[in-house]
Amino acid sequence: MATHTKTDALDLSGIWDLSSEDGAHACRIDLPGDVHSELLAAGIIEDPYVGRNEYAVRWVAERDWRLSRTFALSDEQASAGDWILDVDGLDTVAEIAVNGVAVLATENTFRRYRENVASALRAGENRIDIVIRSSLSEGAARYAAQPFPVPYHEGNSPLPHGNMLRKPQSHFGWDWNIAIAPLGLYGEIVLRRTGAARIEALAVSQEHDRQAKTVALTLTIDLHGETAGTLPIDIAVAGVERHVECPLAPGHTRVVETIDIEDPSLWWPAGAGDQTLHTLVVETPFEREERTIGFREIRLIDEPDEAGRRFAFEVNGREIFCRGANWIPADALFSRSGRAKTEGLLRSAVAANMNMIRVWGGGFYESEDFYDLCDRLGLMVWQDFMFACNLYPSTPDFLAEVEAEVDHQARRLSSHPSLALWCGDNELVGALTWFKESIADRDRYLVSYDRLNRTIEHALKRATPQAQWWPSSPASGVLDYADAWHKDNSGDMHYWSVWHEGESFDMYRSVRPRFCSEFGFQSFTSMPVIATFAGERDMNVSAPVMESHQKNAGGNARIAETMFRYFRYPEGFANFVYLSQIQQALAIRTAVDAWRALKPHCMGTLYWQLNDTWPVASWASLDYGGRWKALHYLARRFFSPVNVVAIPSADNDRFSFSAINDTTDPVAISLTVFALDPAKGTRTLFQAETRCGTDEATTFAEVDAADLAHGEMLLYRWTADNGMAGGEHLAPATYKGLELKAADIRIMSEARADGTTGLMLTSDDPALYVFLETSTEGVFSDNAVDVLPGEPLGIVFIPAVPGEAPADLRIYDLQASSATPSAQGNHP
Ligand code: BMA
């Protein structure tokens with residue numbers, strides 16, 4: 001989105017003065033930006049991400065903060081009557097004054113405010129002040145004013161009453177986030193002269209006729225005029241131009257224009273076709289609005305079938321299996337985020353064969369950059385409204401805020417082809433069962449929830465009637481308040497029994513989700529990241545610093561206890577970190593392999609979670625900073641558009657092989673299955689060939705567990721005639737039962753002309769989940785791989801800065817992770 005004001009505009013972003021209202025602290029602030037980052041830069045606080053500084057900086061959120069600056073206007077400018085203060089992303093409860101005159105009061109980070117401030121302006125120097133009130137006191141005041149108690153989730157949020165404020169809910173802490181309640185201004189702050197009329201909002205919708213190969217593009221332009229008149233509007237898109245003379249009423253005018261486009265070239269998600277984009281321009285004598293759009297038709301299919309109800313996305317008439325993950329804000333602090341960081345994370349998502357990302361409801365409606373990147377990269381966006389895991393007020397003032405927020409966000413994002421679904425909230429139906437108040441009086445809290453949910457739905461449909469709507473995640477259906485954590489026959493599911501209930505990994509195979517929009521398993525963040533916040537003496541899983549970088553109660557114990565079940569206990573801290581990542585990757589692979597094989601019964605798997613907001617133990621597959629954990633490397637393999645998976649039967653007596661094809665063409669697949677004895681090597685069990693039609697999953701081969709001798713594992717390799725290939729091993733029981741040999745893994749490295757480093761790995765004995773780690777920023781072409789004797793494995797290190805070699809290279813493998821130092825192989 002880009003708005004160009006052709007009349008006068010004064011961008012007020014940049015350097016302001018920042019001070020606490022109690023006068024104790026003062027420094028500068030660069031807007032857009034957040035207060036904590038500036039206090040850190042000024043030496044007033046320590047870095048909240050390091051050690052246990054989080055607790056020492058909590059006072060910042062308890063204060064009120066003043067931001068002020070001056071700006072100059074000429075006599076002529078000051079006498080104009082059409083100056084609008086245009087501000088968005090102001091976090092949160094704030095009063096704005098111009099030259100001491102109160103002009104605007106805000107209480108919603110997710111709204112854009114526009115206010116005529118002309119009467120407060122003067123020639124010469126002007127001053128603008130923003131006072132941002134403490135979210136903690138504002139939340140408490142609102143809580144006290146509720147007609148009945150509306151509690152928040154104390155397990156997620158150590159800071160109270162975030163649910164009272166329209167502000168990212170994870171600012172108050174989450175089971176992966178630092179709790180410091182940041183504040184600041186994250187959007188624009190501009191003074192604009194609007195001329196006779198201004199464009200308030202521009203919404204875009206499209207209706208496709210696939211037979212006729214046409215698309216009707218409808219623009220809904222909301223205008224605000226001071227007086228009656230006529231406004232010329234010029235529209236241009238995809239080679240079509242349109243001129244409209246629009247009659248203007250004083251106040252609000254809505255213009256609806258439909259433009260027919262013949263034979264449009266379509267936008268597709270990654271892997272399904274091109275991401276063709278066009279520029280849409282809407283121009284008045286005073287403003288020029290630009291949008292990047294794409295032609296596509298997305299439908300959510302939730303029709304009944306023999307199992308229950310489907311949950312599938314159809315894009316341009318083709319059902320697309322959604323492979324992806326959940327997105328949380330790119331950083332806990334706004335000033336540390338930006339387009340480059342977002343781009344790195346989203347590119348990693350696409351590199352791991354993802355085609356959908358879910359913007360989870362406890363963060364932000366993301367920036368234009370985010371959706372622009374998703375448009376370009378072909379990542380469909382499942383967009384939650386920003387409500388998560390709490391009970392919420394349903395008072396008229398709260399609902400009025402929600403309505404204004406939904407209206408703004410729905411129109412703002414309507415032009416993005418990547419926007420696939422609007423979802424009412426995250427886990428608010430489940431939350432009705434989490435609080436003593438709502439358990440005791442479900443009727444009251446359910447009705448209250450429905451008022452909120454209906455407000456969101458109606459505001460969305462008013463703003464963008466064609467938007468695809470889903471009431472909540474998870475939800476078994478519209479007005480269906482069943483337990484979508486355990487019910488798998490309809491709607492989307494959040495399957496958390498393995499992590500939050502401590503079930504075995506096998507349990508992933510016991511459910512048959514229609515679409516699993518959340519499931520996750522934690523690991524520790526990688527050693528180079530731990531080194532950024534922990535000292536040598538903190539490098540112990542139960543040291544206070546490590547415990548304060550774990551926000552899920554019992555999380556470290558769950559990681560350790562799971563290791564006891566599946567692995568030999570690791571030796572030393574670094575091996576513990578490594579093994580936690582292998583364990584996490586195996587958990588998620590178990591789920592995805594099983595659920596992709598259920599296609600078309602299951603049509604999507606979005607694991608929890610893609611990224612981290614700060615360095616912390618979590619469910620993320622990307623470390624804070626964007627490094628790939630073992631899970632992300634495995635995700636690239638288990639999300640391969642063509643894949644072959646081996647699924648053990650419930651009694652573990654058989655393994656069945658399924659081919660999965662998400663591509664537009666049928667593929668011929670050949671499979672070779674081996675038995676691998678860590679001590680003796682491999683023997684071939686059988687070979688099989690199959691064809692897998694487009695958008696199919698088919699089971700085509702089986703092996704009896706009895707065909708494996710004691711101590712043998714299953715190993716398989718496959719190739720497809722479209723060039724894709726893969727393979728994994730499967731341990732029939734637990735890894736701790738296997739007698740792995742200490743492998744001598746050798747590595748040869750060679751700097752390559754393209755700035756990467758080629759690495760050749762060899763091993764004298766089978767080495768499982770060999771994992772390379774370096775302190776240099778970059779990614780490996782593959783990782784967490786098996787290295788077998790006689791099969792040298794080439795891996796390329798692609799540094800963030802071309803030419804940088806992987807420094808401090810460390811190699812982990814499964815056997816060595818549990819060996820005593822004296823018994824370890826001679827790794828470099
Ligand atoms: C889900 C999410 C998040 C949470 C995650 C891990 O319920 O919606 O609220 O962080 O689980 O517990």
Side-chain angles (χ1 to χ4, degrees), residues 175 300-313 319-327 354-362 380 382-384 387-389 420-434 453 468-521 587-610 619 635 638-639 647 697:
D175 56 6
L300 173 65
I301 298 173
D302 68 335
E303 284 146 15
D305 66 1
E306 60 296 338
R309 288 189 91 90
R310 302 202 64 212
F311 193 99
F313 288 88
E319 283 191 20
I320 303 279
F321 190 98
C322 298
R323 306 179 301 259
N326 283 267
W327 171 270
M354 297 187 189
N355 59 14
M356 179 178 264
I357 196 112
R358 171 171 175 245
V359 179
W360 165 81
M380 290 180 279
W382 167 316
Q383 178 70 46
D384 282 0
F387 302 87
C389 300
L421 183 77
W422 280 103
C423 168
D425 60 70
N426 177 73
E427 300 190 345
L428 261 51
V429 175
L432 292 166
T433 67
W434 300 344
N453 194 247
Q468 297 294 300
W469 159 256
W470 187 243
S472 180
S473 185
S476 298
V478 173
L479 293 179
D480 185 335
Y481 301 107
D483 172 3
W485 277 261
H486 300 96
K487 191 175 160 204
D488 61 357
N489 68 337
S490 300
D492 74 316
M493 183 175 200
H494 288 187
Y495 186 69
W496 278 105
S497 300
V498 174
W499 176 261
H500 284 301
E501 295 164 25
E503 297 283 9
S504 76
F505 292 2
D506 293 338
M507 288 300 280
Y508 283 123
R509 297 191 204 101
S510 71
V511 286
R512 296 170 53 84
R514 310 314 302 261
F515 192 109
C516 203
S517 42
E518 275 190 23
F519 56 105
F521 203 90
I588 302 308
R589 190 187 86 187
T590 305
V592 173
D593 282 359
W595 297 339
R596 284 190 74 192
L598 297 177
K599 180 182 178 175
H601 173 92
C602 176
M603 282 304 288
T605 58
L606 311 179
Y607 65 74
W608 184 269
Q609 69 209 57
L610 181 72
W619 300 267
F638 64 59
F639 278 151
I647 316 271

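Worth saying up front: this structure is predicted, and the values here are computed from it rather than measured.
The aromatic rings of F639 and Y607 sit parallel to each other, their planes meeting at less than 30°, with 60° as the upper class boundary.
Salt bridge status for D480 with K487: present, with a side-chain N to carboxylate O gap under 4.0 Å.
Nearest heavy-atom pair across D483 and H486 is OD2-ND1, 2.7 Å. Between W360 and A388, the shortest heavy-atom distance links the atoms CZ2-CB, 4.0 Å.
A salt bridge (charged side-chain N to carboxylate O under 4.0 Å, His left out) with R514 is found for exactly one of D492, D305, D488, namely D305. Screening W496, W608, Y495, F505 for a ring-ring contact (aromatic ring centres under 6.0 Å, His included) with F521, the sole residue that qualifies is F505.
E503 pairs by the salt bridge (charged side-chain N to carboxylate O under 4.0 Å, His left out) definition with nothing, not counting sequence neighbours. Qualifying side chain to side chain donor-acceptor pair (under 3.5 Å) partners for Q468, counting only residues two or more places apart in sequence or in other chains: none. The salt bridge (charged side-chain N to carboxylate O under 4.0 Å, His left out) search around D593 returns R589, not counting sequence neighbours.
Of the possible polar contacts, one joining the N326 side chain to the S517 backbone as a donor-acceptor pair under 3.5 Å is found.
Using a 4.5 Å heavy-atom threshold, the side chains of I588 and Y508 count as touching. P513 places none of its side-chain heavy atoms less than 4.5 Å from the side chain of F311. Contact annotation: the side chain of M356 never approaches that of I320 to less than 4.5 Å [non-hydrogen atoms, C-beta and beyond]. No side-chain heavy atom of I357 sits less than 4.5 Å from a side-chain heavy atom of W382. Here the side chains of E427 and P474 are in contact, with some heavy-atom distance below 4.5 Å. Using a 4.5 Å heavy-atom threshold, the side chains of F515 and L606 count as touching.
A donor atom on one side chain and an acceptor atom on the other are found under 3.5 Å apart for S472 and D425.
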